[in-house]
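First comes the structure, then the notes that go with it.
Please read all numbers here as calculations on a predicted model, not as lab measurements. Note that the numbering runs from 1 along the sequence shown for the chain.
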Amino acid sequence: MFGWVTSGPDAVRSGRAKAQYEDPVLNGAGCGLIEGTTVATQDGWRAVETLRKGESLLTFDGGAQQVIAVIRDQIWGGIGVCPKHLWPLHVPQGVIGNGREMLVMPHQGVLIESDEILDQWGDPFAVIPAAALEVLDGVERQEPYGTVEVVLPIFEEDQMIFTDQGALSFCQAHWGVSVGYIPKHGAAHNYNMLPLTVAARLLEESYMPDNVDYGMA
């Protein structure tokens, strides 16, 4: 679990009975949804770690979509302490459309929308790695301790799913390739993520609280 302050989010539970899962396991991907993150279903919000293959999640573009696989990961499964580049980011409520404080993996995409992006690329949306959010006030990395699970829902195609009461999380279909799940349309993406340096510069140059909306991607 994480070393939450008293006023922070509900502490995530560690040491779950993982033997009940038969899902593939990866190590150190730096992306996915941290246990305790809630995802939107047709029946309401639920913790992502309870998700099972064959269930459906609400998506931004395609309504309810079936999860064809669930991959389990750990923030850090190596020797020694977790390296800082894999520390998740603590994101205050509302920064990326989230209705509560949340933790975001550094390689997890974040969908942002602004007129500045429209002017530069002709589309108001861009997907950036969450690590770029570190340039924003109030966003900072948080060192994990103990065993913390990360969950990667797999769909036939790339999907944006709703998380933590309003944020949008990008579930990339190609996540499943390494464990034998082939995306419906190969490894092509519906969204392209900007490089970290480009994304950080974009935020520094265009961030204005009244003009930029954020969502997990």
Side-chain angles (χ1 to χ4, degrees), residues 29 31-71 88-89 91-118 120-133 136 139 150-176 181 183-194 199 202-203 206-207 211-217:
C31 56
L33 307 177
I34 297 173
E35 60 178 294
T37 300
T38 56
V39 293
T41 73
Q42 291 176 301
D43 298 319
W45 297 96
R46 57 184 285 193
V48 69
E49 62 271 20
T50 68
L51 190 63
R52 299 290 182 271
K53 175 182 176 181
E55 295 182 311
S56 295
L57 294 179
L58 296 181
T59 70
F60 183 66
D61 298 307
Q65 292 290 320
Q66 186 179 60
V67 175
I68 64 171
V70 179
I71 297 179
L89 292 93
V91 181
Q93 179 181 354
V95 172
I96 54 176
N98 47 313
R100 63 174 189 167
E101 295 178 83
M102 66 187 300
L103 290 167
V104 186
M105 292 299 290
H107 299 167
Q108 179 66 42
V110 176
L111 184 69
I112 63 174
E113 176 185 4
S114 79
D115 292 338
E116 295 289 337
I117 299 172
L118 179 63
Q120 295 187 47
W121 284 285
D123 189 316
F125 299 99
V127 180
I128 66 173
L133 294 172
L136 302 180
V139 178
V150 178
V151 180
L152 294 84
I154 307 299
F155 299 89
E156 289 187 342
E157 300 175 282
D158 291 352
Q159 298 291 347
M160 294 281 189
I161 66 172
F162 295 93
T163 61
D164 277 340
Q165 302 175 24
L168 282 167
S169 294
F170 186 24
C171 294
Q172 296 171 284
H174 82 274
W175 282 347
Y181 295 99
K184 185 175 182 180
H185 297 300
H189 306 297
N190 295 334
Y191 302 87
N192 293 313
M193 192 179 300
L194 297 178
L202 174 65
L203 288 180
S206 67
Y207 175 65
N211 294 334
V212 182
D213 294 324
Y214 297 91
M216 284 298 298

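- Minimum interatomic distance between Arg100 and Gln165 (heavy atoms only, all atoms of both residues): CD-NE2, 4.3 Å.
- With a 4.5 Å cut-off on side-chain heavy atoms, Thr163 and Met102 count as touching.
- Residues Glu55 and Arg46 are in side-chain contact: their nearest non-hydrogen atoms beyond the backbone lie under 4.5 Å apart.
- Atom CG of residue Leu58 and atom CD of residue Gln159 lie 11.0 Å apart, to the nearest 0.5 angstrom.
- Judged purely by atom type and a 3.5 angstrom limit, Asp43 has no side-chain atom pairing as donor or acceptor with the backbone of Thr41.
- For the atom pair Glu49 CD and Thr38 OG1, the distance stands at 9.5 Å (nearest 0.5 Å).
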Set out, in order, the CA-CA distance, both residues' side-chain angles and the distance that settles side chain to side chain contact (heavy atoms under 4.5 Å, CB included) for Ile68 and Lys53, then state yes or no.
CA-CA 6 Å; Ile68 64 171; Lys53 175 182 176 181; 5.8 Å; no
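- Using a 4.5 Å heavy-atom cutoff, the side chains of Pro129 and Gln108 are not in contact.
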Val151 and Val70: side chain to side chain contact (heavy atoms under 4.5 Å, CB included), yes or no, with the steps?
CA-CA 7 Å; Val151 180; Val70 179; 3.5 Å; yes
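- The distance from atom CG of Leu203 to atom CD1 of Ile128, rounded to the nearest 0.5 Å, is 4.0 Å.
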Passes side chain to side chain contact (heavy atoms under 4.5 Å, CB included), Val150 versus Ile71? Steps please.
CA-CA 8 Å; Val150 178; Ile71 297 179; over 6 Å; no
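- Closest approach of Pro153 to Trp175, counting heavy atoms only: O-CE3, 3.9 Å.
- Shortest non-hydrogen contact noted between Leu33 and Ser169 is CD2-OG, 3.4 Å.
- A heavy-atom distance below 4.5 Å is not found between the side chains of Val95 and Glu101.
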Before you tell me yes or no, could you show the steps for Val67 and Ser56 under side chain to side chain contact (heavy atoms under 4.5 Å, CB included), namely the whole-Å CA-CA distance, both residues' side-chain angles and the distance that decides it to 0.1 Å?
CA-CA 6 Å; Val67 175; Ser56 295; over 6 Å; no
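- Put simply, the side chain of Asn98 gets close to the backbone of Pro92: a donor and an acceptor are under 3.5 Å apart.
- The two residues Met105 and Ala130 have their closest heavy-atom pair at O-CB, 3.4 Å.
- For the pair Val127 and Leu194, the minimum side-chain heavy-atom distance is 4.5 Å or more.
- Nearest heavy-atom pair across Gly166 and Trp45 is N-CH2, 3.8 Å.
- Annotation for Ile161 and Val39: closest pair CD1-CG1, 4.0 Å, computed over non-hydrogen atoms.
- Residues Asp158 and Cys171 have side chains not in contact (no heavy-atom distance under 4.5 Å, counting atoms from C-beta outward).
- Considering CZ of Phe155 and CG of Leu57, their distance stands at 4.5 Å, rounded to 0.5 Å.
- Here the CG atom belonging to Leu133 is positioned 6.5 Å from the CG atom belonging to Leu89, to the nearest 0.5 angstrom.
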